[in-house]
Amino acid sequence: MAEAEDVKFKVTIDGIPVEVAPGTSILNAARQIGGDIVPPAMCYYSKLEGSGGKCRTCLVKVSKGSEKDPRPMPKLVASCRTTVMDGMEVQNITSPEVVEARKGVVEILLINHPLDCPICDQAGECKLQDLGYEHGSANTRYEFDRRTFERIDLGDKIQLHMNRCILCYRCVYVANQLTDQRVHGILGRGDHAEISTYIENVIDNDFSGNVIDVCPVGALTDKTFRFKNRVWFTKPVDAHRDCPTCSGKVTLWYKGEEVIRVTARKDEFGEVEEFICNTCRFDQKKTSDWVLEEPTEIDRHSVISANHYELFNPPKVVKENPILQEQNREQLARTEKLK
């Protein structure tokens, strides 16, 4: 039994070899290598059982099936749903065919998705925004009217903007696996598919806020944070509290000395490490409610890093300038005399 557990498959992705356990997907094998060769994923979520296989952004080319059968796979495959074989060779960013196919997938995802990044709270954290920048085209070939939906409030803390939804199913899986009873899902087929089933009145559980964290676009947003700020003007800090419902491990997003948002902590792939309850997310927004740990580690390529700090005790947003304050007082005195 111990010998079977020690078996490793050798896989080569974009010329880089890695040894992984049997049953590992190509996507997770690439994640063990890291860097630019990791395929993008809009629907796959390692913490959610059954996710993946819907968005097709993680397509790769298998140029060699295995040592026993070296024939290449005839078509591009979804790396999140394809398990590795010993001796398999995979091409991702080194394959022009993959890059071209991914460009087409992005075009499909943007057929109905409105380009309202300037007013969308997901801007700066949006995977579709990143994909559109890396693989998108300047123009679309779609000439028909886009589908439109009215915005729906999911309780008093979450808003659903179906126009932006790409039907990744993540919020459905979260409801399935974190709550006792799922009350929403996908209704309709094709262009008429939408998240629904009396969603406006029914979603009411202590973990409902996690649908915000798993949504890869701006379809599900935090109403307590909407239009308050841009993420690149905020400073995230890891913190924790003794919570009876969840782990209590979160990221606090500061603007100055004010906590304007609380989210679950995410790993390098943007996936939640541990889901948190609504009490931690929406009701605990004072520094005194938390034990601060350290500044959240931010990828230097992220727009959030532009305003990030490494020291735990950051300076105030507005620094005191005694000389300028004195000049302001003198100007005010001169103005008062002229009244």
Side-chain angles (χ1 to χ4, degrees), residues 45 47-48 116 119-126 149-166 168-186 194-231 233-234 236-255 258-266 270-290 296:
Y45 213 80
K47 313 299 187 299
L48 300 175
D116 54 359
I119 62 167
C120 178
D121 283 312
Q122 192 79 1
E125 300 175 298
C126 180
F149 300 89
E150 295 295 329
R151 297 178 187 179
I152 300 174
D153 289 337
L154 314 184
D156 61 337
K157 298 293 195 302
I158 307 171
Q159 186 171 96
L160 170 64
H161 199 343
M162 263 303 301
N163 292 350
R164 299 170 180 165
C165 180
I166 61 170
C168 69
Y169 283 70
R170 284 181 178 179
C171 63
V172 178
Y173 287 125
V174 164
N176 261 342
Q177 297 168 32
L178 292 187
T179 62
D180 295 332
Q181 183 180 7
R182 174 167 64 88
V183 294
H184 74 285
I186 306 296
E194 63 173 304
I195 298 174
S196 191
T197 307
Y198 304 109
I199 191 171
E200 183 173 3
N201 301 318
V202 177
I203 289 189
D204 183 20
N205 62 74
D206 204 24
F207 283 85
S208 63
N210 290 288
V211 299
I212 300 170
D213 282 340
V214 302
C215 182
V217 293
L220 290 161
T221 52
D222 181 353
K223 289 175 63 179
T224 67
F225 178 68
R226 280 176 65 82
F227 308 129
K228 280 193 172 181
N229 226 292
R230 288 302 198 180
V231 291
F233 293 135
T234 63
V237 174
D238 286 348
H240 68 271
R241 64 183 285 264
D242 186 14
C243 178
T245 309
C246 67
S247 67
K249 297 179 180 179
V250 303
T251 297
L252 305 180
W253 297 77
Y254 278 92
K255 181 62 185 293
E258 179 187 3
V259 178
I260 60 175
R261 182 171 69 150
V262 180
T263 64
R265 298 186 192 180
K266 296 185 177 182
E271 295 184 358
V272 171
E273 295 176 353
E274 296 182 65
F275 294 107
I276 62 173
C277 65
N278 286 358
T279 302
C280 289
R281 184 184 302 275
F282 298 122
D283 300 334
Q284 307 295 325
K285 291 192 176 179
K286 296 180 180 178
T287 300
S288 57
D289 297 329
W290 300 93
T296 304

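- Residues that satisfy the side chain to side chain contact (heavy atoms under 4.5 Å, CB included) test with Cys126, not counting sequence neighbours, are Gln122, Leu128, Gln129, Val217.
- For Asn176, the side-chain hydrogen bond (donor to acceptor under 3.5 Å, both in side chains) partners at least two apart in sequence or on another chain are Arg182.
- When the salt bridge (charged side-chain N to carboxylate O under 4.0 Å, His left out) test is applied to Asp206, no partner is found at least two apart in sequence or on another chain.
- The main-chain N or O of Val214 is found under 3.5 Å from a side-chain atom of Arg170 such that the two form a donor-acceptor pair.
- With sequence neighbours excluded, no residue satisfies side-chain hydrogen bond (donor to acceptor under 3.5 Å, both in side chains) with Gln284.
- Of the possible polar contacts, none joining the Arg265 side chain to the Glu273 backbone as a donor-acceptor pair under 3.5 Å is found.
- A donor-acceptor pair is defined here as one N or O able to donate and one able to accept, closer than 3.5 Å; no such pair exists between the side chain of Asp153 and the backbone of Gln159.
- Within the model, atoms CZ of Phe282 and NZ of Lys223 stand 10.0 Å from one another, a figure rounded to the nearest 0.5 Å.
- Applying the side-chain hydrogen bond (donor to acceptor under 3.5 Å, both in side chains) test to Arg241 and every residue at least two apart in sequence or in another chain returns nothing.
- Thr234 contributes a side-chain N or O that, together with a main-chain N or O of Val231, makes up a donor-acceptor pair within less than 3.5 Å.
- Both the sub-6.0 Å distance and the 45° axial angle are satisfied by Arg261 relative to the ring of Phe225.
- Residues forming a salt bridge (charged side-chain N to carboxylate O under 4.0 Å, His left out) with Glu271 (at least two apart in sequence, or on another chain): Arg31, Lys47.
- Taking CZ of Arg151 as the start and CG of Asn163 as the end, the distance is 8.0 Å to the nearest 0.5 Å.
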Acceptor/donor pairs from residues 242-251 side chains to any protein atom, 3.5 angstrom cut, sequence neighbours excluded:
unit_1 : atom_1 : unit_2 : atom_2 : d
Ser247 : OG     : Lys249 : N      : 3.4
Thr251 : OG1    : Asp238 : OD1    : 3.4

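- Residue pairs that meet the salt bridge (Lys or Arg N to Asp or Glu O under 4.0 Å) test with at least one member in residues 278-288, sequence neighbours left out, are Asp213-Arg281.
- Here the straight-line distance linking atom CG of Leu220 with atom CD1 of Ile152 works out to 10.0 Å at 0.5 Å rounding.
- In this view, Lys266 satisfies the salt bridge (charged side-chain N to carboxylate O under 4.0 Å, His left out) rule with no residue, not counting sequence neighbours.
- With hydrogens and angles disregarded, a donor-acceptor distance shorter than 3.5 Å links the side chain of Asn278 to the backbone of Gly209.
- In terms of heavy atoms, Ala123 sits closest to Arg230 at CB-NH1, 3.5 Å.
- Residues meeting the side-chain hydrogen bond (donor to acceptor under 3.5 Å, both in side chains) test with Asp222, sequence neighbours left out: Thr224.
- Applying the side chain to side chain contact (heavy atoms under 4.5 Å, CB included) test to Glu258 and every residue at least two apart in sequence or in another chain returns Ile260.
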